[in-house]
Amino acid sequence: MPELPEVETTCRGLAPHCIGRHLVTALVRNAQLRWPVPADLAQQVAGQAILSLTRRAKYLIVTLQRGTLILHLGMSGSLRIMDSNSPAGVHDHVDLVLDNGTCIRLRDPRRFGAVLWTQSDVLRHPLLENLGLEPLSDTFDAHYLHGCSRGRKVSIKTFLMDSHVVVGVGNIYANEALFHAGIRPTTPAGRLSRTRYARLTTAIRAILARAIEAGGSTLRDFVNSAGEAGYFQQQYMVYGRSGESCRVCAGSIKHMRQGQRSTFYCPHCQT
DNA sequence: CTTTTGACCTGACAGC
DNA sequence: TGCTGTCAGGTCAAAA
């Protein structure tokens with residue numbers, strides 16, 4: 001489920017329900033996520049106000065008065081505002097219980113997600129300190145990508161998905177952005193011209209921004225309901241369309257694997 | 001340093 | 001109806 005637009009949508013959807021509220025406790029039903037949920041999480045967060053909810057890469061950062069929660073949705077996680085008395089499903093692993101009878105409930109069937117706690121500068125946390133640029137920031141441009149790709153032999157698609165270069169570009173949007181930029185996913189990153197990186201950065205920004213807008217339409221349903229409709233409403237140009245005809249040239253969309261991930265592209269439109 | 005591979009975990013689905 | 005194998009939106013850690 002979660003690429004950057006979904007995490008951003010989650011962040012915006014949760015914020016009005018929890019900013020300024022106090023956490024009563026944390027209820028951990030299953031601590032075995034990507035990393036163990038801290039055993040003392042409830043004691044750490046109890047009684048503290050939620051000061052802000054922000055996003056860095058695909059991490060959600062919940063700033064409390066005396067520490068910070070770092071949340072990640074992994075491959076299958078979702079966060080929802082629920083009545084704290086509502087029965088938990090098998091994959092509802094953590095509730096952050098608020099002072100108004102609701103909770104932020106983490107559901108994550110595959111348990112690749114994370115709930116971590118830090119009292120240090122969160123941006124210096126080992127998971128966050130070496131992250132690349134935000135794709136929607138002003139500094140993310142052709143000059144940046146061109147510069148850090150010099151000498152790199154990895155394919156442009158693998159390069160795009162490297163979070164030390166740029167964050168938030170997952171498998172779906174890497175495929176889609178390369179189609180929009182007309183770039184073959186297998187091209188070595190170090191061989192692309194600045195001009196082609198300009199097309200690519202424009203494509204990445206446009207696609208992510210559009211996906212976030214689409215996700216925004218689901219925000220009003222964020223409480224007690226599925227907040228995922230916006231995601232599936234996207235009409236993909238290549239992702240998941242192998243064997244189907246290209247929406248631009250009508251040629252056949254091809255499928256291949258790059259580093260255990262599925263790649264889809266149009267051999268005619270992407271060179 | 002860069003690049004590749006394995007690992008984590010469950011659920012859905014295709015094919016026998 | 002089972003069973004087995006493959007695949008899925010992420011990304012760290014270890015090996016090469």
Side-chain angles (χ1 to χ4, degrees), chain A residues 1-11 29-37 55-60 70-79 88-94 106-116 125-132 135 147-179 185-191 204 207-208 210-212 214-215 218 226-243 255-264:
Chain A
M1 177 222 292
E3 290 212 35
L4 184 138
E6 291 67 51
V7 181
E8 179 65 26
T9 297
T10 297
C11 188
R29 299 185 191 81
N30 187 344
Q32 303 307 304
L33 301 183
R34 170 94 196 245
W35 295 280
V37 178
R55 178 189 62 75
R56 169 72 171 113
K58 293 174 188 165
Y59 294 95
L60 280 167
I70 301 172
L71 311 179
H72 198 285
L73 301 178
M75 290 271 259
S76 59
S78 62
L79 289 166
V90 258
H91 302 301
D92 291 338
H93 305 309
V94 177
L106 172 68
R107 172 174 296 183
D108 184 6
R110 290 177 73 178
R111 290 190 277 125
F112 288 171
V115 176
L116 300 170
H125 190 281
L127 291 173
L128 302 188
E129 69 171 342
N130 293 315
L131 290 173
C148 58
S149 66
R150 293 310 87 181
R152 297 292 301 271
K153 294 183 175 175
V154 284
S155 71
I156 181 58
K157 192 204 172 210
T158 301
F159 181 71
L160 270 191
M161 293 177 69
D162 181 349
S163 63
H164 298 101
V165 176
V166 56
V167 302
V169 183
N171 199 35
I172 293 179
Y173 294 115
N175 278 297
E176 294 295 306
L178 287 166
F179 175 84
T186 48
T187 310
R191 297 218 177 280
I204 291 169
I207 287 173
L208 291 177
R210 191 151 52 93
I212 290 171
T218 67
E228 293 137 34
Y231 187 81
F232 294 100
Q233 285 162 6
Q234 295 278 321
Q235 213 194 30
Y236 299 130
M237 299 298 279
V238 289
Y239 183 81
R241 301 191 68 242
S242 69
H255 174 262
M256 64 175 294
R257 295 210 142 248
Q258 288 182 285
Q260 10 260 64
R261 308 308 295 273
S262 272
T263 293
F264 303 89

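A, B, ... follow the sequence lines: proteins, then strands. Residue 1 opens every chain.
- Residues forming a ring pair (Phe, Tyr, Trp, His ring centres under 6.0 Å) with Tyr59(A) (at least two apart in sequence, or on another chain): His72(A).
- Atom NZ of Lys153(A) and atom P of dC1(B) are 18 Å apart (whole Å).
- As a whole-Å value, the separation of Ile172(A) CD1 from dG10(C) P is 7 Å.
- Nucleotide dC9(B) holds its P atom 11 Å from the NE2 atom of His93(A), rounded to whole Å.
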Protein-nucleic acid N or O pairs under 3.5 Å, nucleotides 12-16 of chain C:
unit_1	atom_1	unit_2	atom_2	d
dC12(C)	OP1	Tyr59(A)	OH	3.2
dC12(C)	O4'	Arg34(A)	NH2	2.6

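- Shown here are the side chain to side chain donor-acceptor pair (under 3.5 Å) partners of His255(A), two or more places apart in sequence or in another chain: Ser262(A).
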Sort me out a list of protein N/O and nucleotides 4-8 of chain C N/O pairs below 3.5 Å, or just none if empty.
unit_1	atom_1	unit_2	atom_2	d
dA8(C)	OP1	Ser262(A)	OG	2.4
dA8(C)	OP2	Arg257(A)	NH2	2.4
dA8(C)	N3	Arg110(A)	NH1	3.2

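- Protein atom CD1 of Ile156(A) is 16 Å distant from nucleotide atom C1' of dT2(B), rounded to whole Å.
- Distance check, rounded to the nearest 0.5 Å: CZ of Arg111(A) to CG of Leu33(A) gives 7.5 Å.
- When the side-chain nitrogen and oxygen atoms of His91(A) are compared with OP1 and OP2 of dT10(B), none of them lie within a distance under 4.0 Å.
- Not a single donor-acceptor pair under 3.5 Å links the side chain of Gln258(A) to the backbone N or O of Thr158(A).
- Stacking here means ring centres nearer than 5.5 Å and ring planes tilted less than 30 degrees, and by that measure Phe112(A) does not stack onto dC9(B).
- Here dT3(B) presents its P atom at 16 Å from CE of Met161(A), a figure rounded to the nearest Å.
- Annotation for Arg191(A): atom CZ does not count as buried by contact number, only 12 or fewer foreign heavy atoms lying within 6.0 Å.
- Rounded to the nearest 0.5 Å, atoms CG (Asp108(A)) and OG (Ser76(A)) are 4.0 Å apart.
- The OH-P distance, from Tyr173(A) to dT11(C), rounds to 14 Å in whole Å.
- Between Val154(A) and Arg111(A), the one whose closest nucleotide on DNA chain B sits nearer the 5' end is Val154(A).
- For residues 149-164 of chain A, the salt bridge (Lys or Arg N to Asp or Glu O under 4.0 Å) pairs, not counting sequence neighbours, are Arg152(A)-Asp162(A).
- Taking atom CG on Asp162(A) and atom C1' on dT11(C), their separation rounds to 10 Å, with Å as the unit.
- Between Val167(A) and Pro135(A) there is a side-chain heavy-atom pair separated by less than 4.5 Å.
- Between the CG atom of Leu73(A) and the C1' atom of dC9(B) there is a distance of 16 Å, given to the nearest Å.
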Q | Bracket string, DNA chain C, 5' to 3' - pairs by Watson-Crick or G-U geometry under 3.5 Å, | interstrand | A | .|||||||.|||||||
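- With hydrogens and angles ignored, the 3.5 Å screen pairs no side-chain donor or acceptor of Glu8(A) with any backbone N or O of Arg55(A).
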Q: Mind running side chain to side chain contact (heavy atoms under 4.5 Å, CB included) on Trp35(A) and Leu127(A) for me, showing each step along the way?
A: CA-CA 12 Å; Trp35(A) 295 280; Leu127(A) 291 173; 3.7 Å; yes
